[in-house]
Student: 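Below is a structure I'd like to ask you about.
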Protein chains: 2
Amino acid sequence: MADKQYRIGEFSKLVGLSTYTLRYYEDQGLIVSQRDENGVRYYTENDIRWVGFILHLKGTGLRLNDLKRYVRLRAEGDRTIPERRDMLQKTKDDAEADIAELQMHLKVLSRKIDWYDGKVDHTIDDSESFHDYLQQFNDK
Amino acid sequence: MADKQYRIGEFSKLVGLSTYTLRYYEDQGLIVSQRDENGVRYYTENDIRWVGFILHLKGTGLRLNDLKRYVRLRAEGDRTIPERRDMLQKTKDDAEADIAELQMHLKVLSRKIDWYDGKVDHTIDDSESFHDYLQQFNDK
DNA sequence: TCTTGACTTAAAGTGTACTCGAAGGTGTTC
DNA sequence: GAACACCTTCGAGTACACTTTAAGTCAAGA
């Protein structure tokens with residue numbers, strides 16, 4: 001693994017974020033870049049991994065503010081590990097709840113599609129399934 | 001099932017949308033309300049089902065604009081059924097893709113939590129899994 | 001009678017996360 | 001020497017979906 005360095009343009013293509021966004025994230029403290037003797041940003045493989053990781057977190061629903069908090073904690077060292085772990089656990093739990101909810105919505109959607117396909121009794125109204133829906137929430 | 005009527009305040013609690021939002025949705029053409037002799041909105045069980053249904057759609061990722069389109073098509077009658085069906089199918093496909101992506105992110109998160117718990121070799125860096133991540137996208 | 005809750009229009013505000021452009025500058029490459 | 005990619009600050013713009021306020025009216029219930 002050569003320690004290749006990337007300037008912002010190339011890096012932006014690698015991680016799929018615009019140069020605008022990269023500078024914005026840096027402003028926000030989510031990313032740190034190194035500079036060459038002219039003040040030009042450069043990034044390494046390590047930065048690719050780091051951006052990848054924060055994009056995973058973001059992809060599970062973390063807001064930029066939460067992300068900032070995570071980064072701050074990380075900077076504080078190992079004593080914040082429990083807190084970081086808990087943050088991730090909560091994020092995970094939330095995301096799993098989101099998936100469950102999404103799947104519930106999908107079930108209704110599927111039934112509706114079947115209805116359109118005539119696989120279901122057409123006398124049932126457009127919005128037949130709301131009661132099932134409420135049921136699902138009742139035991140939360 | 002009595003044909004109970006609900007005014008906006010009660011209805012808002014039933015469906016979990018603020019009165020502001022209900023009026024807003026009505027402005028946008030997503031909901032229709034009836035009025036009593038004083039011009040006061042009232043809603044019925046049927047409206048509960050309808051709002052439930054659009055919230056399902058919304059929950060799977062449909063934007064208000066898409067929702068509006070669906071409602072417009074619905075108002076045009078049965079000849080738009082194929083188009084509505086396809087809309088729902090696409091929504092369903094998109095949502096399923098979202099779930100798949102979310103689950104991928106979750107996998108990384110879980111691994112990271114394990115790492116915090118010491119279940120994984122601690123010499124591996126914070127952001128170890130970005131390469132796996134990129135792999136997942138490569139065959140899309 | 002007073003409070004509560006409803007009504008109207010129209011405009012402004014909120015939060016999130018970018019996204020872009022202006023204006024002026026530096027260094028590298030063809 | 002021109003083109004290009006980068007740098008800076010800073011403010012404005014965009015999209016989405018509400019959310020709130022203002023200012024005034026109306027009607028039923030305690």
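Nothing here was measured: the structure is a model prediction, and the numbers come from that model. Lettering follows sequence order; numbering is per chain, from 1.
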Student: Of all the nucleotides listed (D/dT19, C/dT8, C/dA17), which has the minimum atom distance to the side chain of A/Lys58?
Tutor: C/dA17
Student: How long is the span from the OH atom in B/Tyr70 to the CG atom in B/Leu62, to the nearest 0.5 Å?
Tutor: 9.5 Å
Student: Could you state the atom-to-atom distance from OH of B/Tyr6 to P of C/dG5 in whole Å?
Tutor: 18 Å
Student: In whole angstroms, how far is the C1' atom of C/dC18 from the NZ atom of A/Lys68?
Tutor: 12 Å
Student: If I take atom CG in residue B/Leu17 and atom P in nucleotide D/dT20, what distance separates them, rounded to the nearest angstrom?
Tutor: 14 Å
Student: Can you list everything that forms a ring-ring contact (aromatic ring centres under 6.0 Å, His included) with A/Tyr6? Sequence neighbours excluded, please.
Tutor: none
Student: At under 4.0 Å, does any side-chain N or O of A/Arg41 touch on OP1 or OP2 of D/dC7?
Tutor: yes
Student: Please report, rounded to the nearest Å, how far the C1' atom of D/dT19 is from the CG atom of B/Leu64.
Tutor: 14 Å
Student: State whether B/Arg35 places a side-chain N or O below 4.0 Å from either non-bridging phosphate oxygen (OP1 or OP2) of C/dT8.
Tutor: yes
Student: What does nucleotides 23-30 of chain C look like as a protein-contact string, B for base, S for sugar-phosphate only, - for none, at under 4.0 angstrom between heavy atoms?
Tutor: ----SS--
Student: Could you tell me the separation between the CG atom of B/Leu62 and the P atom of D/dA15, rounded to a whole number of Å?
Tutor: 20 Å
Student: Do B/Arg35 and B/Tyr42 meet the criterion of a side-chain donor-acceptor pair at a distance under 3.5 Å?
Tutor: no
Student: Taking 4.0 angstrom as the limit, do A/Asp94 and A/Lys90 come out as a salt bridge?
Tutor: yes
Student: Under the side-chain contact (heavy atoms from CB on, under 4.5 Å) rule, collect the residues that match up with B/Asp93, sequence neighbours excluded.
Tutor: B/Gln89, B/Glu96
Student: Looking just at side-chain N and O atoms, do B/Ser33 and B/Glu26 make a donor-acceptor pair shorter than 3.5 Å?
Tutor: yes
Student: B/Val32: which residues meet the side-chain contact (heavy atoms from CB on, under 4.5 Å) condition with it, sequence neighbours left out?
Tutor: none
Student: Could you state the atom-to-atom distance from CD of A/Glu10 to P of D/dC4 in whole Å?
Tutor: 18 Å
Student: Rounded off to whole Å, could you give me the CD1-to-P distance for the A/Ile54 and C/dC18 pair?
Tutor: 10 Å
Student: Check this for me, if you would: do B/Arg69 and B/Glu83 make a salt bridge, where the nitrogen-to-carboxylate-oxygen distance has to be below 4.0 angstrom?
Tutor: yes
Student: Just to verify, what does A/Tyr24 make a ring-ring contact (aromatic ring centres under 6.0 Å, His included) with, not counting sequence neighbours?
Tutor: none
Student: Please list residues of residues 20-27 of chain B whose heavy atoms come under 4.0 Å from any atom in DNA chain D, ordered by number; otherwise none.
Tutor: B/Tyr20, B/Thr21, B/Tyr24, B/Tyr25
Student: Could you give the CD-to-C1' distance, from A/Gln34 to D/dC7, as a whole number of Å?
Tutor: 17 Å
Student: Which of these nucleotides, D/dA17, C/dT16, D/dT19, is closest to any side-chain atom of B/Ser18?
Tutor: D/dT19
